[in-house]
Amino acid sequence: MSGGKADTTEPLLLGVRHHGPGSARAVRAALDDARPGVVLIEGPPEADALIPLAAGEDMRPPVALLAHAVDEPGRSAFWPLAGFSPEWVAIRWALEHGVPARFIDLPAAHTLAREEDEGPAPGAGEGTVPEPDVRTDPLGVLAGAAGYDDAERWWEDVVEHRGVGKGDPVAPFTALEEAMTALREECGGGGHGRDLVREAHMRLRIRAAQREFEDGVAVVCGAWHVPALRRGSPVAADRALLKGLPKVKTDMTWVPWTHRRLSRASGYGAGIDSPGWYGHLFDAPDRPVERWLTKVAGLLRAEDRMVSSAHVIEAVRLAETLAAMRGRPLAGLNETTDAVRAVMCDGSDVPLALVRDRLVVGDVLGEVPATAPAVPLQRDLARIQRRLRLKPEAAERELDLDLRKDTDAERSRLLHRLRLLGIGWGETAVSRGGTGTFRESWRLRWEPELSVRVAEAGVWGTTVHAAATAKAETDAVTARGLDAVTGLAEHCLLAGLSGALPTVMRILADRVALDTDVGRLARALPALVRSLRYGDVRGTDTAALAEVASGLAGRIFVGLPPACAALDADAAEEMRGHVDAVHGAVGLLGDSPAPDHRTLRARWQSVLRTLSARDTVPGVIRGRCVRLLLDGGELARDEAARLMGLALSRGTPPADAAAWIEGFVGAESGGGLLLVHDERLLALVDAWLTGIPADAFTDVLPLVRRTFSAYEPGVRRTLGELVRRGPGARGSVTGTGGGTPGFAPGLDTARADAVLPVLRLLLGGPDAEDEEAATGPAGPAG
């Protein structure tokens with residue numbers, strides 16, 4: 001069919017590859033030639049009302065149709081479209097020529113109601129073709145039949161690089177239909193379990209359009225479906241397949257999509273590996289290879305690589321030579337990639353990975369008009385994003401916030417509220433501006449799936465603030481553990497949800513009063529104390545939180561000593577972590593000007609002394625408590641050495657002594673440097689190690705090795721040198737003369753007197769001439 005009006009008896013079936021630029025060009029040429037009265041497109045019919053939005057300048061692909069169940073927004077489906085997608089080209093052609101465009105696939109109401117892999121399609125009886133267990137890949141089968149091991153490469157050779165049919169725009173579709181017909185005859189059904197139902201619905205919509213429009217019907221659909229649509233079946237049989245399909249109420253809208261998401265399996269099940277490359281092939285008016293390699297050169301230059309025009313010329317020549325050697329009509333992505341690697345990247349794959357990420361795939365993010373249907377929460381989020389100048393972007397970017405500035409503080413609250421709602425637009429990162437509480441760093445990347453998360457969160461409220469508040473209150477009521485409630489209190493302060501704090505604090509106080517597990521209490525305290533620090537910079541009232549934190553700390557002080565008794569090795573290691581966490585939290589609480597907070601530190605020091613002196617407490621905890629007291633200035637070095645001597649005495653089992661050593665000088669507490677700078681303690685450890693009986697040394701060795709192997713290489717090397725020199729060379733490190741550690745109690749006068757004559761000569765003292773006469777002139781030995 002070419003020229004004039006389309007045939008009114010037979011529909012113009014344009015079988016395409018979804019997201020194929022060659023198919024898109026061919027569709028445009030066929031529609032220009034046939035001028036049909038209506039364009040039918042594979043897609044959910046609920047989106048018919050959204051088609052006019054595609055005509056606006058503020059709609060920029062890639063975009064996607066998003067359908068979700070009204071009562072269960074998490075049940076959703078996407079139909080993505082890029083600028084080079086045949087379906088998008090068909091929509092734009094219809095809008096530009098004033099021709100109706102309609103979607104004819106199975107309604108999303110049925111698609112979302114069906115569960116995956118639930119069995120044969122409804123209505124499939126004894127006369128239907130049985131569905132295969134594995135879906136056939138049509139392009140893969142055709143590529144294999146043609147002798148290709150890569151379906152993408154085969155498609156490029158036979159479609160993308162051949163252009164549209166010369167003289168007959170429908171010729172490419174006719175050839176592809178013949179191939180798909182033969183393939184379906186060979187493989188049977190070969191498609192997804194619901195393909196029979198989808199094709200029945202499409203046939204019914206095509207028949208209805210033929211009755212309504214006399215100027216001809218053009219159908220743009222996946223090439224796999226064309227044989228079934230051409231062959232047809234009785235209307236009664238098609239209606240029987242559709243009878244009794246489950247159905248749910250759905251909403252439909254346009255959402256932005258990304259090229260990165262197009263590179264994965266999409267809603268069509270036709271993910272492509274190189275959307276950026278395909279977009280280039282579709283947009284390039286001529287000389288696509290030269291234009292592509294110029295883009296690559298520009299990217300590499302922006303990354304400070306030396307790439308000149310001569311590199312581009314040489315790369316073009318190499319790509320064309322490779323295409324000729326491989327029998328390809330035009331240099332494809334493989335040839336251009338090989339040329340870039342050899343000419344512009346000096347054979348390295350490192351800059352080539354950048355080319356693939358930025359150009360072959362790309363970070364393009366589409367845009368949809370503000371008039372597109374959206375839940376109220378989505379509209380409020382868009383309004384806040386515009387006000388705070390936080391534009392969603394597909395590329396990951398770093399955002400550093402100074403919470404002393406109003407705009408940055410609002411941005412922080414928005415990101416924390418979205419995280420609480422399960423909308424992971426941003427993830428916190430280590431701040432590059434310091435560790436103060438007034439700085440935050442975020443990594444932001446907008447993924448299309450976040451539109452579904454926004455729709456899901458819409459059940460909590462119509463604004464971000466109201467939804468986050470309601471979600472926090474509900475999470476607090478349903479939280480199972482104390483640590484979950486304390487974490488929620490922290491999130492509420494970070495997100496500025498003062499309305500939810502009373503409920504969260506009431507539940508937190510009740511949980512603290514009823515919980516008797518010291519481990520859970522110890523895990524909860526650090527989060528509460530961190531939250532107290534946010535009050536100064538965020539202007540949040542934390543008085544209630546401070547009261548709960550003080551009460552929680554008091555309960556830990558009472559319950560910790562008995563909880564540390566009679567623990568096995570694993571439980572003791574876990575409890576040591578709790579002791580460290582509580583110590584850090586009490587240190588922050590003790591810095592508060594509140595009188596009751598200042599007394600907490602003194603009470604905690606008393607608890608540490610109690611734990612360090614009890615024989616029933618595991619050695620790793622006792623050693624850790626001694627170290628915390630020493631670092632806090634609450635224990636003199638002489639006293640620490642005495643306690644170490646007791647712990648390492650012959651009466652202590654070697655395994656318990658090794659655990660004490662691990663707690664005291666573990667790598668996580670900088671114990672290696674302590675031993676380097678205090679040779680008294682090193683001598684005690686050395687003497688203990690050398691005195692372990694041979695039959696017990698094998699059992700102790702793994703514990704000791706675990707402790708010392710975690711030190712930095714420089715620390716290990718210094719300790720080795722100190723041990724190699726031995727106690728005599730180090731001096732009387734165990735002496736009680738009160739001298740400086742590492743030195744003998746007195747001076748060696750004989751060694752000091754030997755240097756005096758040389759010093760007199762150098763300094764020119766009054767006896768220098770007499771000394772020279774007695775010893776001879778200074779100078780090199782003859």
Stepwise side-chain contact (heavy atoms from CB on, under 4.5 Å) check, I556 with V607: CA-CA 10 Å; I556 293 173; V607 173; over 6 Å; no
From CA spacing to verdict: side-chain contact (heavy atoms from CB on, under 4.5 Å), W446, E393: CA-CA 5 Å; W446 186 266; E393 297 178 0; 6.0 Å; no
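- Within the 3.5 Å criterion, the main-chain N or O of A77 finds no donor-acceptor partner in the side chain of H68.
- In this structure, D400 does not pair ionically with R439, as no charged nitrogen and carboxylate oxygen lie closer than 4.0 Å.
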Audit row: H416, W442, side-chain contact (heavy atoms from CB on, under 4.5 Å) steps and yes/no: CA-CA 10 Å; H416 282 293; W442 292 82; 3.3 Å; yes
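- For A468 against L420, the heavy-atom pair with the smallest separation is O-CD2, 3.6 Å.
- Under the side chain to side chain contact (heavy atoms under 4.5 Å, CB included) test applied with T253, the options L66, L65, L53 reduce to a single match, L66.
- For S274 (side chain) and W277 (main-chain N/O), no donor-acceptor pair under 3.5 Å exists by modelled atom type.
- The main-chain N or O of A479 is found under 3.5 Å from a side-chain atom of R511 such that the two form a donor-acceptor pair.
- Panel note: side chain R387, backbone A382; no donor-acceptor pair is recorded below 3.5 Å.
- No salt bridge links R413 with E410; every basic N to acidic carboxylate O contact stays at or beyond 4.0 Å.
- Here the closest heavy-atom approach between residue L488 and residue A476 is recorded as CD2-N, 3.3 Å.
- To the nearest 0.5 Å, atoms OG1 (T462) and CG (D380) are separated by 7.0 Å.
- In this structure, S550 and L600 have side chains that are in contact, with non-hydrogen atoms separated by less than 4.5 Å.
- Side chain of R445 to backbone of A394: a donor-acceptor contact under 3.5 angstrom is found.
- Ring planes of H583 and W604: tilted class, angle from 30 to 60°.
- L299 places a side-chain heavy atom less than 4.5 Å from the side chain of L359.
- The line from CG of L390 to OG1 of T407 is 10.0 Å long, rounded to the nearest 0.5 Å.
- The shortest distance between side-chain heavy atoms of V620 and E573 falls below 4.5 Å.
- Ion pairing of R198 with E42 is present here, as a side-chain N (NZ or NE/NH1/NH2) and a carboxylate O approach within less than 4.0 Å.
- Scanning all heavy atoms of the two residues, the minimum distance from A472 to A500 falls at CB-CB, 3.9 Å.
- Nearest approach of A457 to I423, heavy atoms of both residues: CB-CD1, 4.2 Å.
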Salt bridge (Lys or Arg N to Asp or Glu O under 4.0 Å) between E396 and R260, worked out: CA-CA 12 Å; E396 184 177 287; R260 195 171 301 278; over 6 Å; no
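- Note on E449 versus R453: no salt bridge recorded, every NZ/NE/NH1/NH2 to OD/OE distance being 4.0 Å or above.
- Relative orientation of the F84 and H259 rings is tilted, given thresholds of 30° and 60° on the angle between their planes.
- For T478 (side chain) and T474 (main-chain N/O), a donor-acceptor pair under 3.5 Å exists by modelled atom type.
- Under the 6.0 Å cut-off for aromatic ring centres, F78 and W257 qualify, their centroids lying closer than that.
- Rounding to the nearest 0.5 Å places CG of L50 at 7.0 Å from CH2 of W254.
- Formation of a donor-acceptor pair under 3.5 Å by the D408 side chain with backbone atoms of D402 is found in this model.
- A search for side-chain hydrogen bond (donor to acceptor under 3.5 Å, both in side chains) contacts involving R523 returns nothing, not counting sequence neighbours.
- At a threshold of 4.5 Å between non-hydrogen side-chain atoms, the residues L567 and E574 do not count as touching.
- Rounding to the nearest 0.5 Å places CG of L95 at 7.5 Å from CD1 of I51.
- Side-chain contact between H465 and L497 is present, with at least one heavy-atom pair separated by less than 4.5 Å.
- Counting heavy atoms from C-beta outward, P45 and P107 have side chains that approach closer than 4.5 Å.
- Residues V464 and I384 meet the side-chain proximity criterion, which asks for heavy atoms closer than 4.5 Å.
- In this structure, H19 has its ring center at least 6.0 angstrom away from the ring center of W88.
- Between D48 and R102, no side-chain nitrogen of the basic residue sits less than 4.0 Å from a carboxylate oxygen of the acidic one, so the salt-bridge criterion is not met.
- Counting heavy atoms from C-beta on, the side chains of E440 and L403 come closer than 4.5 Å.
- Among T469, V477, D475, the single residue meeting the side chain to side chain contact (heavy atoms under 4.5 Å, CB included) criterion with E473 is T469.
- To the nearest 0.5 Å, atoms CZ (R379) and OG1 (T463) are separated by 15.0 Å.
- Note that the SG atom of C625 and the CG atom of D580 stand 9.0 Å from one another [nearest 0.5 Å].
- In this structure, the side chain of R411 engages the main chain of L388 through a donor-acceptor pair within 3.5 Å.
- Nearest heavy atom pair, residue F103 against residue P44, reads CB-O, 3.3 Å.
- Contact between V375 and A455 at its shortest, heavy atoms only, is CG2-CA, 4.3 Å.
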Pair V248-V70, side-chain contact (heavy atoms from CB on, under 4.5 Å): steps then yes or no: CA-CA 8 Å; V248 295; V70 174; over 6 Å; no
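- Side-chain N or O atoms of R601 include one that pairs as donor or acceptor with a backbone N or O of G587 at under 3.5 Å.
- Electrostatic pairing of E87 and R92 does not count as a salt bridge here, judged by no charged N lying under 4.0 Å from a carboxylate O.
- For R624 (side chain) and R576 (main-chain N/O), no donor-acceptor pair under 3.5 Å exists by modelled atom type.
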